[in-house]
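The figures here come from the full heavy-atom set of this structure, side chains too, leaving out hydrogens, waters and symmetry mates. First listed ligand is number 1; within each ligand, the first listed atom is number 1. For this chain, numbers begin at 1 and follow the sequence in order.
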Amino acid sequence: MLRCLLSELNDDLQPLAAAAVKATEQSYAPYSGFHVGAAALLENGMIVTGSNQENAAYPSGLCAERVTLFHAGHQYPDIPVMALAIAAATKGEQVESISPCGACRQVLLETEQRYGKPVKVLLCGRKDVIIAESAESLLPLCFGTNDLKNHR
Ligand code: THU
């Protein structure tokens, strides 16, 4: 795990962090007021974004990270995801860095194993960013694709 200033991110990752912040504006969060944005960097340089989408039946909503990863998986199934940036805002103001929930970590892990490449995870605060080098590093003793191999 690494922490750096936003301004220290490289040329690929700086626009990715900015896209995650921008995506908070498209969040549909009338119940929590907690607006989360995520942005996935694909291997070909494209950026796919998403935001949390809530529902009056609360569990039917979905986190920004999964909206984004499922969108990328559907729209660009053959292009690996290299990094995912996450940001959150309340009352129109970006908050300090937030960390993905357990279910989103599991989906990040699947993405990583699907393409066989680590997915960097960027937790974007107002000034600094925490970077995890892979989804697996966020999910010790994880259950993944290999666990099912002998049962298919
Ligand atoms: N949420 C996300 O979208 N991502 C996270 O990493 C944490 C939580 C959403 C779910 C819900 O819409 C709102 O934030 C409050 O939990």
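Here Ile86 has no heavy atoms under 4.0 Å from ligand 1, in either its backbone or its side chain. Contacts of Ser99 with ligand 1, taken as heavy-atom pairs under 4.0 Å, involve the backbone alone. Counting heavy atoms closer than 4.0 Å to ligand 1, residue Ser32 contributes side-chain atoms (C-beta onward) but none from N, CA, C or O.
Closest to atom 3 (O) of ligand 1 among all protein heavy atoms lies Ala64 N, 2.9 Å. Nearest to atom 9 (C) of ligand 1 among the protein's heavy atoms is Asn52 ND2, 3.5 Å. Closest to atom 8 (C) of ligand 1 among all protein heavy atoms lies Cys63 SG, 4.2 Å.
In summary, the atoms of ligand 1 found under 4.0 Å from a heavy atom of Glu65, numbered by their order in the structure, are 2 (C), 3 (O), 4 (N), 5 (C), 6 (O). Near Ile98, meaning under 4.0 Å from any of its heavy atoms, are these atoms of ligand 1: 5 (C), 6 (O). For ligand 1 and Phe34, the ligand atoms under 4.0 Å from any heavy atom of the residue are 14 (O).
Atom OH of Tyr115 is separated from atom CE of Met82 by 11.5 Å, given to the nearest 0.5 angstrom. Distance check, rounded to the nearest 0.5 Å: CG of Leu108 to CG of Leu69 gives 5.0 Å. The CD atom of Glu136 sits 4.5 Å away from atom SG of Cys142, with the distance rounded to the nearest 0.5 Å. Distance CG/Leu9 to CG/Asp128: 10.0 Å, rounded to 0.5 Å. Within the model, atoms CD of Glu112 and CG of Leu84 stand 11.5 Å from one another, a figure rounded to the nearest 0.5 Å.
With hydrogens and angles left out, the side-chain atoms of Thr145 and Arg114 include no donor and acceptor closer than 3.5 Å. Ser27 and Glu25 form no side-chain donor-acceptor contact under 3.5 Å, judged by distance and modelled atom types alone.
Pro100 counts as a contact of ligand 1, since one of its heavy atoms falls under 4.0 Å from the ligand.
Between Glu54, Arg105, Arg66, it is Glu54 that holds the heavy atom closest to atom 11 (C) of ligand 1.
The protein reaches atom 6 (O) of ligand 1 closely, with a heavy atom under 4.0 angstrom from it.
A salt bridge between Arg126 and Glu96 is present, with a side-chain N of the basic residue lying under 4.0 Å from a carboxylate O of the acidic one.
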